[in-house]
Amino acid sequence: MARRHWRQLWPDDPASHPFPYRLNPHLDDIRAPLLDWAIEIGIAPAGELTSAAFTAVDYAAYPAWIYPSANKDELLLVAQWMTWFFLFDNHLDEQPVGELSAATFALLNDINKIITTGPVAPLDAKTTTSPYAIALIDLWNRSRCLYRNCGWERRYENAFADYQRCQQWEQATRATRHQLDFQTYVENKRCSAASQLGNMFVELFVDHPVPDAALDSHLLRTARHIAGDVIHLATDVLSSERETNFEPIPNALTALAYTLQTDNDQVERLFTMLWQARTQIFHNISTDLPTLMQTTGHNLRHLPTIRAYLDDLRLWMGGNMHWIDSTPRYNPAYNIEVPPRSRTG
């Protein structure tokens with residue numbers, strides 16, 4: 001059923017795809033280093049199963065499709081970020097909430113102490129035993145050194161604070177098996193999904209830097225939120241069968257269907273309609289950009305750089321949709337995933 005709804009979003013015919021996509025030429029350069037890092041930092045166990053999963057799911061290809069302009073070093077680092085999100089998501093979702101370790105809950109409470117531009121605060125001792133915490137500290141420190149962009153750091157810190165809050169809320173709703181309502185679900189999932197943080201990297205790879213004030217503006221924050229919605233809604237539609245069939249815990253989609261007193265198919269229909277509406281809004285922003293800039297106080301001399309940024313967001317969405325469609329990660333016919341490192345992290 002999910003595949004039928006999915007084809008309304010992403011048809012078989014590439015000529016009908018609503019967003020373009022392009023592959024980064026450095027993909028092959030990052031495959032082995034990405035796997036090595038995940039094993040060395042401790043978020044994936046060494047062994048043939050991990051290697052097979054990285055190859056089958058193709059974690060390296062994901063950032064290569066969504067950041068086609070990043071150089072080799074930038075691509076490897078952002079690939080490590082995306083792999084952290086995928087594996088931490090697996091760690092949280094594929095075991096009962098009651099079986100999550102104390103270290104995991106400590107990390108969820110301490111994320112704002114790690115992803116911060118302010119003074120370093122002491123972490124809970126249990127947090128430091130989590131390989132996901134060790135990896136997160138490593139990623140944040142190296143990102144600040146490589147990108148050296150104070151505006152991006154501030155925006156990413158704020159987005160990660162939303163991710164922390166919404167992940168905590170998601171664990172609570174998994175425990176109760178209830179969502180409050182459809183709107184709350186969508187707003188919460190926007191921030192707890194990796195997509196909202198993933199599109200924060202787009203600004204780093206544009207050919208001409210976008211002014212900080214423009215990136216902070218309501219116009220571009222809205223564009224990023226819409227782009228994040230497009231991808232998390234698409235992922236929910238395609239992954240619903242896999243999660244229902246393979247994961248032992250009722251997923252958020254199932255909990256939402258229960259709350260709305262309907263079935264998964266009807267919830268997928270709601271997601272599909274909302275996806276189509278969000279996609280149309282993004283296209284409207286692009287089409288009406290000069291008028292929107294004038295009426296929201298932007299200087300039109302920045303029109304070319306802001307248009308280029310929106311074009312890169314469009315490539316980011318297209319790369320996401322293409323990878324989601326091609327990877328077995330969301331296909332119910334496959335059960336290929338990185339084996340859990342442990343349930344103590």
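When reading the values below, keep in mind they use all heavy atoms of this one structure, side chains included, and skip hydrogens, waters and symmetry mates. Since this is a predicted model, take the numbers as computed values, not measurements.
- Applying the side-chain contact (heavy atoms from CB on, under 4.5 Å) test to D216 and every residue at least two apart in sequence or in another chain returns R154, R155, D212.
- Every residue two or more places apart in sequence or in another chain that forms a side chain to side chain donor-acceptor pair (under 3.5 Å) with N284 is listed here: Q280.
- Within the 3.5 Å criterion, the main-chain N or O of Y59 finds no donor-acceptor partner in the side chain of R329.
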Does the side-chain hydrogen bond (donor to acceptor under 3.5 Å, both in side chains) test come out yes or no for T116 and E157, once each step is laid out? CA-CA 6 Å; T116 179; E157 177 185 16; 3.3 Å; yes
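- Considering CD1 of I114 and CH2 of W140, their distance stands at 11.5 Å, rounded to 0.5 Å.
- Applying the side chain to side chain donor-acceptor pair (under 3.5 Å) test to R22 and every residue at least two apart in sequence or in another chain returns S69.
- Counting only distance, with no hydrogens or angles, the side chain of R148 and the backbone of C145 share a donor-acceptor pair below 3.5 Å.
- For CH2 of W152, the number of neighbouring non-hydrogen atoms (other residues, nucleotides, ligands) closer than 6.0 Å is greater than 12.
- Here the side chain of T173 pairs a donor or acceptor atom with the backbone of E170 at under 3.5 angstrom.
- Comment: D58 engages R31 in a salt bridge, judged by a side-chain N to carboxylate O separation of less than 4.0 angstrom.
- A donor-acceptor contact shorter than 3.5 Å links the side chain of W84 to the backbone of Y132.
- In this structure, the side chain of N71 engages the main chain of E74 through a donor-acceptor pair within 3.5 Å.
- A donor and an acceptor atom, one from each side chain of H218 and T296, are nowhere located under 3.5 Å apart.
- Contacts classified as ring-ring contact (aromatic ring centres under 6.0 Å, His included) and involving residues 273-298 (residues at least two apart or in different chains) are given here: F19-H283.
- Every residue meeting the side-chain contact (heavy atoms from CB on, under 4.5 Å) condition with P33, not counting sequence neighbours, appears here in chain and number order: L76.
- Under the side chain to side chain donor-acceptor pair (under 3.5 Å) criterion, S195 pairs with no residue, sequence neighbours left out.
- With hydrogens and angles disregarded, no donor-acceptor distance shorter than 3.5 Å links the side chain of R190 to the backbone of A193.
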